[in-house]
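What follows is a short report on a single structure.
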Amino acid sequence: MFFSEDNRPAGVTFDDGGSVRRNLPWSHFRCAEWDYADPTVIRVEIGDWQIVISGHNLEPLFGAIEAGRLARVRVYPEFADDPAHEPDVFATNIRFVPPKRGDGTQLRFPI
């Protein structure tokens with residue numbers, strides 16, 4: 001399995017492998033969705049963010065999200081076409097959907 005679990009992580013880190021690694025607190029977890037019609041995608045809402053995880057054999061990853069044990073997940077797109085990784089659990093893409101702002105301004109984080 002190409003993700004990390006912990007007993008009670010304070011947050012979860014999502015690493016898209018290219019541009020951003022984002023850590024979000026489990027205390028702001030809203031929901032997770034894994035649709036039977038598309039078992040290659042998990043949608044997670046934490047705070048105002050939606051994280052869309054695409055991958056392979058995602059049931060154990062969803063179980064870690066369900067239980068609040070997921071500590072970090074990173075993408076491994078190179079595994080997608082590698083038969084040696086057929087039995088593995090891995091993400092091939094992570095996309096961050098930013099919070100919607102009704103006033104037209106950009107979300108800013110205090111530094």
Checklist outcome for this item: Closest non-hydrogen atoms of Pro60 and Val89, given as atom of the first, atom of the second and distance, are CG-CG2, 3.6 Å
Checklist entry - Quick one: do Val52 and Val20 end up in the same hydrophobic cluster if we chain Ile, Leu, Val, Met, Phe, Trp and Tyr together by side-chain heavy atoms under 4.5 Å apart? => result no
Checklist entry - Among Glu66, Glu59, Arg43, which residue meets the side-chain contact (heavy atoms from CB on, under 4.5 Å) test with Trp34? => result Glu59
Next on the checklist: Is the shortest side-chain heavy-atom distance between Phe29 and Leu24 below 4.5 Å?
Outcome noted: no
Checklist entry - Do Ile53 and Phe62 belong to the same hydrophobic cluster, where Ile, Leu, Val, Met, Phe, Trp and Tyr are linked whenever their side-chain heavy atoms lie under 4.5 Å apart, directly or via other members? => result yes
Next on the checklist: Hydrophobic clusters here meaning ILVMFWY residues chained together by side-chain heavy-atom distances under 4.5 Å, can you tell me if Phe90 and Val75 are in one?
Outcome noted: no
Checklist entry - Looking only at heavy atoms, which two atoms of Pro83 and Pro87 are closest? And how far apart? => result O-CD, 4.5 Å
Item to check | Any side-chain heavy-atom pair of Asp88 and Asn57 under 4.5 Å | outcome: no
Checklist entry - When rounded to the nearest 0.5 angstrom, what distance separates CD in Glu33 from CG in Asp38? => result 10.5 Å
Item to check | Spacing of Ile51 atom CD1 and Arg95 atom CZ [to the nearest 0.5 Å] | outcome: 11.0 Å
Item to check | Heavy-atom side-chain proximity of Phe96 to Arg22 below 4.5 angstrom | outcome: yes
Next on the checklist: Do Phe79 and Ile42 land in one hydrophobic cluster if side-chain heavy atoms of ILVMFWY residues count as linked below 4.5 Å?
Outcome noted: no
Checklist entry - Is Asp15 reaching over with its side chain to a backbone N or O of Arg21, donor-acceptor style, under 3.5 angstrom? => result no
Item to check | Aromatic ring proximity, centroids under 6.0 angstrom, His85 and Tyr76 | outcome: no
Item to check | Heavy-atom pair with the smallest gap, counting every atom of Phe3 and Ala64 | outcome: CE1-CB, 3.7 Å
Checklist outcome for this item: Closest non-hydrogen contact found for Leu70 with Ile65 is CD2-CG1, 3.7 Å
Next on the checklist: I want to check something: taking the side chain as every heavy atom from C-beta on, are Val41 and Asp35 in contact at a cut-off of under 4.5 Å?
Outcome noted: no
Checklist entry - Is the backbone N or O of Thr92 less than 3.5 Å from a side-chain atom of Ser54, with the two atoms forming a donor-acceptor pair by type? => result no
Item to check | Asp48 side chain reached by Arg30 side chain, heavy atoms, under 4.5 Å | outcome: yes
Checklist entry - Backbone N or O of Phe14 within a donor-acceptor pair of the Arg72 side chain at under 3.5 Å? => result no
